[in-house]
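Comments concern the structure below.
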Amino acid sequence: MPQVKILEEVCKGCGLCCDDVCPVNILILANRINSSGYHPAEVTDNTKCTGCGYCFKICPEPAIEVYK
Amino acid sequence: MKQLFGRPQGLTDVLQRYCPGCGHGIVHRIIGDLLVKLDIRERAVGIAPVGCSVFADEYFNCDMIQPPHGRGPAVSTGIKRARPDCFVFSYQGDGDLAAIGTAEIVHAAARNENITIIFINNAIFGMTGGQLAPTTLPGMRSTTSVQGRDIKTQGYPIKVCELLAGLDGPHYLVRTAVNAPKNIIATEKALKTAFVNQLENKGFSMVEILSMCPTNWGLTPIQSKKWIDDTMIKYYPLGEYRNRAKEER
């Protein structure tokens, strides 16, 4: 099963991955903040991930890793 | 678990000091990926620009030089002629390439130097605080055109791909964007072509990339990527402006 992993300390909370990029819409911005003061992206349901890597491609940091 | 996508070896582990939602990071990642995939990281020499990406020498995991403002194509020419075995890429923004470095880019293209130029076009001066750039759209607000760019006093924007396509020299000119996965995949392909062109000694390749600058545009990152789709691409149409490989076929 493909899995998305967010590196929360690297994420700047821009939200580019959370818009309409994910085909199954499992990425949102979390309510908590990281040590830089940003709301990091969060995966709501990793079982739905298709492993397309679109979130990784649009992440400027990149703070997203995709595993299979 | 096997990693499908992750930070490429062509980038260092340094955290990039760009604003949230900036397009520079996406292009850095693509270049870092290609340096490893084409196995050229050991002999690559990158040219960092003056602008937001002035610290690119800390982010790319290869040899880097930071020349004076706009002189990327001239310095690339020198390195490539002295060391033809090196892979030379010049990473430049619109203030660097289209304002102070216009002479260098035009003459490097006219000479068909065997170098690769990566041109980030975000229609504004980023690092200095959102002033009017040569690429600012007509009517677009910046800190030095608060009523919007007035073409009567500030003139028209420079379309660099169209400008260089008027020369006989360049081998490959293309304009892409990084605002959506579809466009990012096109950018990956264009950059790969531009890199391979240099390895095959084809000549001058330039990839112009429309990129987001949410901070200076005064928009959120999500609004900025929509703004590229709705406004910027209409003024700067995407596509290939020169591809000698296709013309010769």
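What's counted below: heavy atoms across the whole structure, side chains too, no hydrogens, waters or symmetry copies. So you know, we letter chains A, B, ... as the sequences are listed, proteins then strands, and number each from 1. These numbers come from a predicted model, not from an experiment.
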### Query
Shortest non-hydrogen contact from B:Pro181 to A:Val21?
CG-CG1, 3.9 Å
### Task
Between chain B and each of A:Val10, A:Val4, A:Leu16, A:Leu7, count heavy-atom pairs under 4.5 Å; write down the option with the most.
A:Leu16
### Message
Which heavy atom of B:Gly21 sits nearest to which heavy atom of A:Cys14, and what is that distance?
### Response
N-CB, 3.2 Å
### Task
Go through the atoms of A:Cys11 and report whether side chain, backbone, both or neither lie under 4.5 Å from a heavy atom of chain B.
neither
May I have a table of the donor-acceptor pairs connecting chain A and chain B at distances under 3.5 Å?
unit_1: A:Lys12; atom_1: NZ; unit_2: B:Gln16; atom_2: O; d: 2.6
unit_1: A:Lys12; atom_1: NZ; unit_2: B:Tyr18; atom_2: O; d: 2.6
unit_1: A:Leu16; atom_1: O; unit_2: B:Lys225; atom_2: NZ; d: 3.1
unit_1: A:Asp19; atom_1: OD2; unit_2: B:Lys226; atom_2: NZ; d: 3.4
unit_1: A:Lys57; atom_1: O; unit_2: B:Arg29; atom_2: NH2; d: 3.1
unit_1: A:Lys57; atom_1: NZ; unit_2: B:Glu188; atom_2: OE1; d: 3.3
unit_1: A:Lys57; atom_1: NZ; unit_2: B:Glu188; atom_2: OE2; d: 3.3
unit_1: A:Glu61; atom_1: O; unit_2: B:Arg7; atom_2: NH1; d: 3.3
unit_1: A:Val66; atom_1: N; unit_2: B:Phe5; atom_2: O; d: 2.9
unit_1: A:Val66; atom_1: O; unit_2: B:Leu4; atom_2: N; d: 2.7
unit_1: A:Val66; atom_1: O; unit_2: B:Phe5; atom_2: N; d: 3.1
unit_1: A:Tyr67; atom_1: OH; unit_2: B:Gln3; atom_2: NE2; d: 3.4
unit_1: A:Lys68; atom_1: N; unit_2: B:Lys2; atom_2: O; d: 2.7
unit_1: A:Lys68; atom_1: O; unit_2: B:Lys2; atom_2: N; d: 2.8

### Non-hydrogen atoms of A:Ile58 and B:Ala180 that approach each other most closely
CD1-CA, 4.1 Å
### Exercise: identify the closest heavy-atom pair between B:Cys22 and A:Pro60
O-CB, 3.3 Å
### Query
So which part of A:Cys55 gets closer than 4.5 Å to some heavy atom of chain B, the side chain, the backbone, both or neither?
neither
### Message
Heavy-atom cut-off 4.5 Å, strictly under: side chain, backbone, both or neither for B:Ile30 against chain A?
### Response
neither
